[in-house]
Number of protein chains: 2
Amino acid sequence: MLARVILGLLDLSPMTGYEVKRHCDTTIRYFWQADKAQIYRTLSQLTGDGLAAVETAPGVGGPARQVHHITDRGREVLNDWLTSRLDPQPERDVFLARLFFSGGLPEPELAELLATRRKTAESLLVELEDMRRSAPDPADRRARLRLATLDHGIAQVRTELDWLTEVEKELT
Amino acid sequence: MLARVILGLLDLSPMTGYEVKRHCDTTIRYFWQADKAQIYRTLSQLTGDGLAAVETAPGVGGPARQVHHITDRGREVLNDWLTSRLDPQPERDVFLARLFFSGGLPEPELAELLATRRKTAESLLVELEDMRRSAPDPADRRARLRLATLDHGIAQVRTELDWLTEVEKELT
DNA sequence: CGCCACTAGTAGACAAGTCCACTAGTCTGG
DNA sequence: CCAGACTAGTGGACTTGTCTACTAGTGGCG
């Protein structure tokens with residue numbers, strides 16, 4: 001999966017492994033996070049498969065940069081992925097799991113669990129709304145779609161906050 | 001992680017690996033799915049660590065059943081997990097990733113992607129609402145919490161459907 | 001009787017991801 | 001001038017999870 005996501009990023013513009021990592025930590029963080037080592041491994045796998053090509057560029061203020069470009073084969077594979085059957089992925093939510101099994105916990109511990117979740121949700125919301133505000137007016141469909149995924153995140157977080165309020169109310 | 005979830009299930013009632021799998025496919029499916037082989041491996045790891053104990057029971061209409069109970073040590077570990085720091089888990093949403101990179105796709109393909117997502121969301125919603133309806137009135141906090149996680153799922157799916165409507169409208 | 005479905009569990013190869021430590025160059029602030 | 005931050009990348013051990021295929025017992029249906 002990571003391979004596909006990286007192909008997608010390379011399709012937007014050529015970049016180094018470091019930059020891929022930065023994207024995973026910033027622009028696409030709310031729907032895709034990845035380990036640094038894994039990114040570099042995947043990149044060399046992509047070049048090995050001929051889906052990406054490397055060009056060593058002199059580093060401006062730093063070590064040399066290995067800039068990865070997507071190849072035509074890569075673009076094909078990316079396209080195949082984008083148009084392939086969308087099968088539902090396995091759900092796995094640690095927070096919900098904990099909550100589900102937290103029936104026997106004393107009340108303050110439970111309240112803290114919910115409070116922690118609220119805090120991370122709130123800071124995520126602020127961050128996403130900042131991204132939304134600072135995003136340029138969508139020029140093309142590409143940009144509109146990217147904003148749409150952002151809106152998805154915002155809507156989900158808002159729903160979660162409302163739900164948290166409900167649960168907190170109900171448990172007192 | 002799976003180990004903790006299984007401990008949680010065993011804490012609700014002793015069960016076989018097969019039954020753990022069934023839970024992952026039904027009751028807790030909307031927040032935790034797991035591979036059969038992994039479940040059995042994890043179970044034997046749990047007994048190896050003394051967090052669970054096995055008792056072989058004669059199978060009623062089938063092979064012998066290896067019923068796993070949670071031990072006191074297991075209950076401790078479960079409790080430690082439930083009260084430990086809740087750190088945000090890595091987000092990974094294949095659908096959003098695809099949508100994010102689908103800017104260059106022809107319109108019908110894009111529409112199909114959204115339609116597929118809508119279909120799975122709708123059927124999930126039906127399923128969750130069925131679960132909700134057939135759930136007994138919550139007797140204790142345990143049951144209320146379990147219903148709350150279900151409500152979380154329902155709220156998220158509804159939000160997603162609304163969002164889908166927005167996106168579909170915007171893209172025509 | 002033979003086949004299928006369901007219950008219950010085992011085994012092994014493999015893929016993907018995480019964690020940690022490490023090299024190395026540059027730039028900035030105290 | 002030196003420490004720390006930032007850029008850029010490598011290497012290896014380890015964990016977790018997936019996929020596939022297998023054994024085995026029972027019950028029901030045609």
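Lettering follows sequence order; numbering is per chain, from 1.
- Legend: residues meeting side-chain contact (heavy atoms from CB on, under 4.5 Å) with Q45(B), ordered by chain and number and at least two apart, are A3(B), D49(B).
- What separates CD of Q45(B) from P of dT16(D) is a distance of 6 Å, to the nearest Å.
- The phosphate of dT7(C) (OP1 or OP2) has a side-chain N or O of R22(B) nearer than 4.0 angstrom.
- When side chains are defined from C-beta on, W32(B) counts as touching L2(B), because their heavy atoms get closer than 4.5 Å.
- Interface residues of residues 6-21 of chain B facing DNA chain C, ordered by number: T16(B), G17(B), Y18(B); criterion, heavy-atom separation under 4.0 Å.
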Could you go over nucleotides 10-14 of chain C and give all protein N or O partners under 3.5 Å, atom names and distances?
none

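- In this structure, CD of E55(B) is placed 16 Å from P of dA8(C), rounded to the nearest angstrom.
- Annotation: salt bridge (charged side-chain N to carboxylate O under 4.0 Å, His left out) contacts of D93(A) (sequence neighbours excluded): R117(A).
- Judged purely by atom type and a 3.5 angstrom limit, R92(A) uses its side chain to pair as donor or acceptor with the backbone of Q33(B).
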Item checked: Worked check of salt bridge (charged side-chain N to carboxylate O under 4.0 Å, His left out) between R22(B) and D25(B) -> CA-CA 5 Å; R22(B) 206 163 46 207; D25(B) 289 343; over 6 Å; no

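- Using cut-offs of 30° and 60° for the angle between ring planes, the F31(B) and F100(A) rings count as tilted.
- Listed in residue order, the members of residues 78-92 of chain A having a heavy atom less than 4.0 Å from DNA chain D are R92(A).
- The CG-C1' distance, from L46(A) to dA16(C), rounds to 14 Å in whole Å.
- One hydrophobic cluster, built from ILVMFWY side chains closer than 4.5 Å, holds both L12(A) and L99(B).
- One can place CG of D49(B) at 14 Å from C1' of dT15(D), the figure rounded to the nearest angstrom.
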Contacts under 3.5 angstrom, residues 128-136 of chain A side chains, donor-acceptor by atom type, not counting sequence neighbours:
{"unit_1": "E129(A)", "atom_1": "OE2", "unit_2": "R158(A)", "atom_2": "NH2", "d": "2.5"}
{"unit_1": "D130(A)", "atom_1": "OD1", "unit_2": "R133(A)", "atom_2": "NH2", "d": "2.6"}
{"unit_1": "R132(A)", "atom_1": "NH1", "unit_2": "D151(A)", "atom_2": "OD1", "d": "2.6"}
{"unit_1": "R132(A)", "atom_1": "NH1", "unit_2": "D151(A)", "atom_2": "OD2", "d": "2.9"}
{"unit_1": "S134(A)", "atom_1": "OG", "unit_2": "D130(A)", "atom_2": "O", "d": "3.1"}
{"unit_1": "S134(A)", "atom_1": "OG", "unit_2": "M131(A)", "atom_2": "O", "d": "3.3"}

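- Put simply, CG on D35(A) is 13 Å from C1' on dT10(D), counting in whole angstrom units.
- In this structure, CE of M1(B) is placed 9 Å from P of dG17(D), rounded to the nearest angstrom.
- Rounded to whole Å, atom P of dG17(C) lies 10 Å from atom CD1 of I39(A).
- Under the 3.5 Å distance criterion, the side-chain polar atoms of K21(B) are left unmatched by any main-chain donor or acceptor of A37(B).
- Within the 3.5 Å criterion, the main-chain N or O of K119(B) finds no donor-acceptor partner in the side chain of E122(B).
- L43(B) has its CG atom 15 Å from the C1' atom of dT16(D), to the nearest Å.
- The side-chain heavy atoms of R29(B) and L124(B), taken from C-beta on, include a pair separated by under 4.5 Å.
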